[in-house]
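These notes concern the structure reproduced below.
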Amino acid sequence: MDEQNVLVRERLRKLEELERAGVDPYPARFTVRHLAADLHREYAALSEEQAAGPEVVIAGRLMSLRSHGKATFAHLQDGSGRIQIYIVRDTVGPEAYELCKKLDVGDHLGVEGSLFRTKTGELTVRARTFQFLSKSLRPLPEKWHGLTDVETRFRQRYLDLIANRPVADTFRKRSRLIAEIRRFFDERGFLEVETPMMQAMAGGAMARPFITHHNALDLTLYLRIAPELYLKRLIVGGFDRVYEINRSFRNEGVSTQHNPEFTMLEFYQAYADYHDLMTVTEELLSHLAQAMMGGQEIPYQGQRLSFAPPWPRLTLEEALVKLARLDAETLSTEAGARETARRHGVISVPGWGRGKILGELFDALVGPTLHQPTFIIDFPTELSPLAKAKAADAAVVQRFELYAGGMEIANAYSELNDPREQRARFLEQLGRRDQGDLETHGLDEDYLLAMEYGMPPAAGEGIGIDRLAMLFTDSPSIREVILFPLMRPAQGAQGERGTADAV
RNA sequence: GACCCGUUAGCUCAGUCGGUAGAGCUCCUGCCUUUUAAGCAGGGAGUCCGGGGUUCGAGUCCCCGACGGGUCACCA
């Protein structure tokens, strides 16, 4: 502990004085009977004239302290909010009042007393007794400015939650959002399931995985990049509607929209196609907007996003032509697409086909500009090895992505369920990998085996929960909606590194 | 991975031209029984991110590094 610090030393001194006085500064339990927010709501009408209000028992963290000699005001913060307490020597007695001088901001305290309203109108608990519940040894962030240092906010999120009320609200909203999503799917007959996060082959998306190892089986395993292939095995197994709110892991950089571990909703519905899922998506998001915000419009980074359905639907090529003003004729050939990419500073690798280049052009030129909810549909087959092709054009699959707030929010398609075609697509991916593309899909025999038993027609979708939470909390960065975003260890190279061989 | 910006007291931040490191809040002591950014008086508090260099002298200038943020790249 940082005993050099005077502030810590002072608190240790008070702690020892409490113990000498026979007080347990860390008791095991306390019976809480009331929450601050409930009291504010229930006794909004309590008047100043009313001498002795109802008896209450509250507990929380001390957030402010104003001593006036023989009387002390303080604010107690519990999970619901804050309430003022008033400790008077004549009420608690002289011995207890001496102990009250050992209080510090940050301590946890239990208080029994009666409600009253001060002459400045604030609902307050006049303590009859109070009890130390936990002595705090370190000073909290300062009361005016709170905590603004971004690094400290993320590394010591508990301080952020204590000091910055809106941050706590953001995470409460995130929790409500997920609860509401569960309710939506449960009501529609979906079964919530859990599938492996450690997989012998990381499939279901095109991304590089994290690698780990199982000692007893001497097995290389990968952290999943998506639950997709397991969820579709369940569709084969007869669970016609399944969903998983899953943590997936992708070994890639961090940005305002990417964290290496992230939360995704994936759901699959048998006998449906991607058009059905566009409808489900519209229903889901407009429902969430209604439940969370009380309307179809939500503010996001200075814009107003409207989730009132229906939302525009554009094919990927239409988007490139209409929104990026690219020339349809030129884009129709691989050489033309490549030339267009070069002109717009979009990198293309020699092995890439026309579809991949169109995808890159879209990501660079169109995606970030789509603020209002917009479906982009009909993606190149070479980008979508698990999606069913359109009947009219094998180069395009029945797939959509949803964009909102300039971010990709969802990705869905009619699932490819022809095992012969799936095998051919996997082999095509392997060919691409041989040409140096690291983010191709592997050939998953075990998945093909399942499909050979017969997978019903189905459509599946993944929705980025973190990004959805960004939208609903008006957060500019994914780190604002992830409690503990990935960070380098604070001590850097000093000592902690190089111990990975402990595995 | 590249570029830009940042790192000074527990917190929020100043720090001029290179010349003894500052403020507010927090903390301590005293007074104070309806305050709420309580007040008044007095006092304390520093690895200026780390390491090197230039200099009589570096928080300040130069180089290397750490961590963070942003932009780009990568990545849905």
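Protein chains get the first letters and strands the later ones, always in sequence-line order, with residue 1 at the start of each.
- Comparing B:C11, B:U35, B:G70 against the side chain of A:Pro141 picks out B:C11 as the nearest.
- Nucleic acid contact for A:Gln257: none, since no nucleic acid atom lies under 4.0 Å from a heavy atom of the residue.
- Residues A:Leu358 and A:Ala337 share a closest heavy-atom pair of CD2-CB, 4.2 Å.
- By the 30° and 60° cut-offs, the orientation of the rings of A:Phe362 relative to A:Tyr403 is perpendicular.
- In terms of phosphate contacts, A:Arg479 brings a side-chain nitrogen or oxygen within less than 4.0 Å of OP1 or OP2 of B:G70.
- Nucleic acid contact for A:Lys101: none, since no nucleic acid atom lies under 4.0 Å from a heavy atom of the residue.
- Counting to the nearest Å, the P atom of B:C74 and the CZ atom of A:Arg208 are 13 Å from each other.
- Residue-level contact check: A:Met487 touches the backbone only, with heavy atoms under 4.0 Å from sugar-phosphate atoms and none from bases.
- Note on A:Val88: a base of the nucleic acid sits closer than 4.0 angstrom, heavy atoms only.
- Electrostatic pairing of A:Lys101 and A:Glu17 does not count as a salt bridge here, judged by no charged N lying under 4.0 Å from a carboxylate O.
- A:Arg155 comes within 4.0 angstrom of sugar-phosphate atoms only, judged by non-hydrogen atoms across all strands, and of no base.
- At a cut-off of 3.5 angstrom, counting only N and O atoms as typed in the model, there is a donor on one side and an acceptor on the other between the side-chain of A:Thr118 and the base of B:U35.
- Between the CG atom of A:Leu65 and the C1' atom of B:C27 there is a distance of 12 Å, given to the nearest Å.
- Taking atom P on both nucleotides, B:A41 is separated from B:G24 by 12 Å, rounded to a whole Å.
- Each of A:Lys135, A:Arg13, A:Arg61 was checked for a salt bridge (Lys or Arg N to Asp or Glu O under 4.0 Å) with A:Asp104, and the lone residue meeting it is A:Lys135.
- The backbone N or O of A:Asp466 lies less than 3.5 Å from no partner atom in the side chain of A:Arg174, so there is not a single donor-acceptor pair.
- With rounding to the nearest 0.5 Å, the separation of CG in A:Leu370 from CD1 in A:Ile409 is 11.0 Å.
- Within 4.0 Å of A:Gly146, counting heavy atoms only, lie sugar-phosphate atoms of the nucleic acid but no base atom.
- Atom C1' of B:G59 sits at a distance of 15 Å from the matching atom of B:C17, rounded to the whole Å.
- Note on A:Glu408: a base of the nucleic acid sits closer than 4.0 angstrom, heavy atoms only.
- Here the nucleotide nearest the side chain of A:Thr148, chosen from B:C28, B:U35, B:U12, is B:U12.
- Where RNA chain B pairs in unbroken runs of 3 or more (Watson-Crick or G-U, both distances under 3.5 Å), the stems are B:1-7 with B:66-72, B:10-13 with B:22-25, B:27-31 with B:39-43, B:49-53 with B:61-65.
- Of the candidate nucleotides B:C11, B:U35, B:C32, B:C32 has the atom lying nearest to any side-chain atom of A:Lys70.
- No engagement by A:Asn251 is indicated, since no non-hydrogen atom pair under 4.0 Å with the nucleic acid exists.
- Summarising the geometry, the separation between CZ on A:Arg488 and C1' on B:C49 is reported as 16 Å, rounded to the nearest angstrom.
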I'd like a list of close polar pairs between nucleotides 39-46 of chain B and the protein, N/O only, cut-off under 3.5 Å.
none

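- The closest side-chain heavy-atom distance from A:Leu314 to A:Ile377 is not below 4.5 Å.
- The side chain of A:His145 lies closest to B:G24 when the candidates are B:U33, B:G24, B:U34.
- Proximity of A:Lys14 to the phosphate of B:C28: a side-chain N or O atom is located under 4.0 Å from OP1 or OP2.
- Using modelled atom types, no side-chain atom of A:Ser475 and backbone atom of A:Ser477 make a donor-acceptor pair closer than 3.5 Å.
- In terms of heavy-atom proximity, A:Leu305 sits nearest to A:Gln372 at CA-OE1, 3.4 Å.
- Taking every heavy atom of residues 75-84 of chain A and every atom of RNA chain B, pairs under 4.0 Å involve A:His75, A:Gln84, by number.
- Taking OH of A:Tyr86 as the start and NE2 of A:His68 as the end, the distance is 8.0 Å to the nearest 0.5 Å.
- Not counting sequence neighbours, the partners of A:Glu42 by the side-chain contact (heavy atoms from CB on, under 4.5 Å) test are A:Asp38.
- Here B:C28 is the nucleotide among B:U34, B:U71, B:C28 with the atom lying nearest to any side-chain atom of A:Arg13.
- Minimum atom distance to the side chain of A:Phe154 is reached by B:G69, of the listed B:U34, B:G69, B:G70.
- Closest to the side chain of A:Glu151, out of B:C67, B:U35, B:G70, is B:C67.
- Put simply, the side chain of A:Arg66 and the base of B:U34 share no donor and acceptor less than 3.5 Å apart.
- Spacing of C1' atoms, B:G44 relative to B:G10, comes out at 14 Å, to the nearest Å.
- The distance from atom CZ of A:Arg11 to atom P of B:C11 is 13 Å, rounded to the nearest whole Å.
- Listed by chain and residue number, A:Leu326, A:Leu365, A:Val366 satisfy the side-chain contact (heavy atoms from CB on, under 4.5 Å) test with A:Ala324 (two or more places apart in sequence, or in another chain).
- For the OP1/OP2 pair of B:G10 and a distance below 4.0 Å, the side-chain nitrogens and oxygens of A:Arg138 include no atom meeting the criterion.
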Detail all sub-3.5 Å separations between protein N/O atoms and N/O atoms belonging to nucleotides 3-5 of chain B.
none

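- Between the side chain of A:Asn251 and the main chain of A:Arg208, no donor-acceptor pair closer than 3.5 Å is present.
- Summarising the geometry, the separation between CD1 on A:Ile87 and P on B:U34 is reported as 15 Å, rounded to the nearest angstrom.
- Here B:A73 presents its P atom at 11 Å from NE2 of A:His258, a figure rounded to the nearest Å.
- Scanning both residues, A:Leu331 and A:Arg354, for their nearest heavy atoms gives O-NE, 2.6 Å.
- Taking the centre of each ring, A:Phe267 and A:Phe185 come in below the 6.0 Å mark.
- Between the side chains of A:Arg128 and A:Thr91, no donor N or O sits under 3.5 Å from an acceptor N or O.
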